[in-house]
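Structure record follows, encoded as structure tokens.
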Amino acid sequence: MSGFRALPSVDQLLSGHPDLIDRHGRAMVTRHARLRLDAARAAIRDGADGAFEAARLPHLLAADLAAMAATRLRPMLNLTGTVLHTNLGRAILANEAIAAASAAMAAPLALEYDLETGGRGQRDDHLRGLLCELTGAEDATIVNNNAAAVLIALNSFGQGRDSIVSRGELIEIGGAFRMPDIMARAGTRLVEVGTTNRTHPRDYQDAITDQTGLILKVHTSNYRIEGFTAEVAGPALAAIARAAGVVMLNDLGAGSLVDLSRWGLRREPTVAEAVAEGADLVTFSGDKLLGGPQAGFVVGRRDLIARINKNPMKRALRLDKIRIAALEATLRLYRDPDRLERRLPVLRLLARPQAEIAVQAARLAPLVAARLREYAVTTTDCASQIGSGSLPTDTIPSAGLRITGTGGDAPDRLAAWLRARDRPVIGRIHDGALILDLRCLERDADLLEALA
Ligand SMILES: *Cc1c(COP(=O)(O)O)cnc(C)c1O
């Protein structure tokens, strides 16, 4: 039985492990060596053997340092079947956007500088032209996300006034975005009209007073009212707003820039269509169907956009250079719709045909089974979702792996093990099995390496 004297000093411990100092730096190694030595002394006081404690110190220290160095923001494999998963960071970006963002991080750029005159420029100018070109709008402004776009638009035209919205469109989106709460924070009074399932033109018309600031139309992103329903379509609502001289704001949410039916997905109204319908302002997200970084856009009438840009909130909600560069590169891809599917990951993943994914599943099943020997791996059909509240009731036929094991907790155990990989793998538990939807797995090797 050896005691405290078996333990090395901090200096001895450090000098024995120059590799750890190389990797983690002297300060970190010293701090964790002290903590481990304290713990070893406490264990010896409680009766542990000193030689045993000394022998395991290097291993424990290395593990502590490795745990401290591992980031939780490391790349993962999203095999949940939800392509735009808000909790997993939504859209992954096109190579063009990644390159533009990297360049913007590494060197000065003309963010608010006019290269022609040498005078002051505006950061939104880099995106304004592209947004107008792609949506047909007169003007555009860009903020932190679509929630911010709605907030600043409501505040700019509804503060101290009424904002009229259909009862059927008072949405809550995940993460505490509730339309009534946003309206309250924007300083506008919510005037609900119609009923949950049916709202008519006269409901809006009857609610308009000299206190009305705007009429709001909201895309019911994450739910659908079906059955005996009626809503006032964009053009009719725009006409009502115009006749009353109030602003009509259409919050599209995901807001695609292209007609998705071209790629076999369900048709959603595009931003250009919402603009053409006569909405004064249209808001939409940068990192949903658009496939860029987090951002929110307001496009529409020039005089109204100018007022939004004068709102002091704009400064608080503006974008940084990294995202502006990534957005510009992303928007440019839309100029060539023929190559969009190849270049924009969101679209590429959404458009992958089930047959292709099924072949991939058949190819991977035996290889994955060989790595997960305690489990049974079969192929399965499954249903992917777009996610982020886009087309909520629509699923996209997909394929994947169905993994089962012995014991009721087998799927949870496997899920936990997959989360703990260097490159975590996230699936979905369904019906006593772990399902790995392969829609978002573009390279087989990524999964096989993650499981190695
Ligand atoms: C997603 C969504 C928002 C919020 O957009 P973020 O970009 O997540 O801030 C607002 N309105 C609607 C209708 C949405 O679908």
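Both counts, for ligands and for their atoms, begin at 1 and track the order of listing. Note that the structure is predicted; figures quoted are calculated from it, not measured.
Only the side chain of Arg90 comes within contact range of ligand 1, with a heavy atom under 4.0 Å; no backbone atom does. Residue contacts with ligand 1 for Ile171 involve side-chain atoms from C-beta outward but no N, CA, C or O (heavy atoms, distance under 4.0 Å).
Note on Arg267 versus Glu273: salt bridge recorded, some NZ/NE/NH1/NH2 to OD/OE distance being below 4.0 Å. The existence of a salt bridge linking Arg202 and Asp206 is excluded, since no basic side-chain nitrogen approaches an acidic carboxylate oxygen closer than 4.0 Å. Using a 4.0 Å cut-off between charged side-chain N and carboxylate O, Arg423 and Glu449 make no salt bridge. By the 4.0 Å N-to-carboxylate-O rule, Glu442 lies close enough to Arg348 to be salt-bridged with it. Here Glu231 does not pair with Arg198 in a salt bridge; the nearest charged N to carboxylate O distance is not below 4.0 Å. A salt bridge links Glu112 with Arg120: at least one charged nitrogen is closer than 4.0 Å to a carboxylate oxygen.
At under 3.5 Å, not a single nitrogen or oxygen of Gly253, backbone or side chain, sits near a nitrogen or oxygen of ligand 1.
Within the 4.0 Å heavy-atom shell around ligand 1 one does not find Val150.
Atoms of ligand 1 lying under 4.0 Å from at least one heavy atom of Ser285, given by number and element, are 5 (O), 6 (P), 7 (O). Against a heavy-atom cut-off of under 4.0 Å, Ala147 is close to the following atoms of ligand 1: 4 (C), 5 (O), 6 (P), 9 (O). Of all atoms in ligand 1, numbered sequentially from 1 with element shown, those under 4.0 Å from a heavy atom of Phe177 are 10 (C). Applying the 4.0 Å criterion to heavy atoms of His219 picks out, from ligand 1, the atoms 13 (C). With ligand atoms numbered from 1 in the order given, ligand 1 contributes 1 (C), 2 (C), 3 (C), 5 (O), 14 (C), 15 (O) to contacts under 4.0 Å with heavy atoms of Lys288.
Relative to the ring axis of Trp417, Arg419 does not place its NZ or CZ within 45° and under 6.0 Å from the centre.
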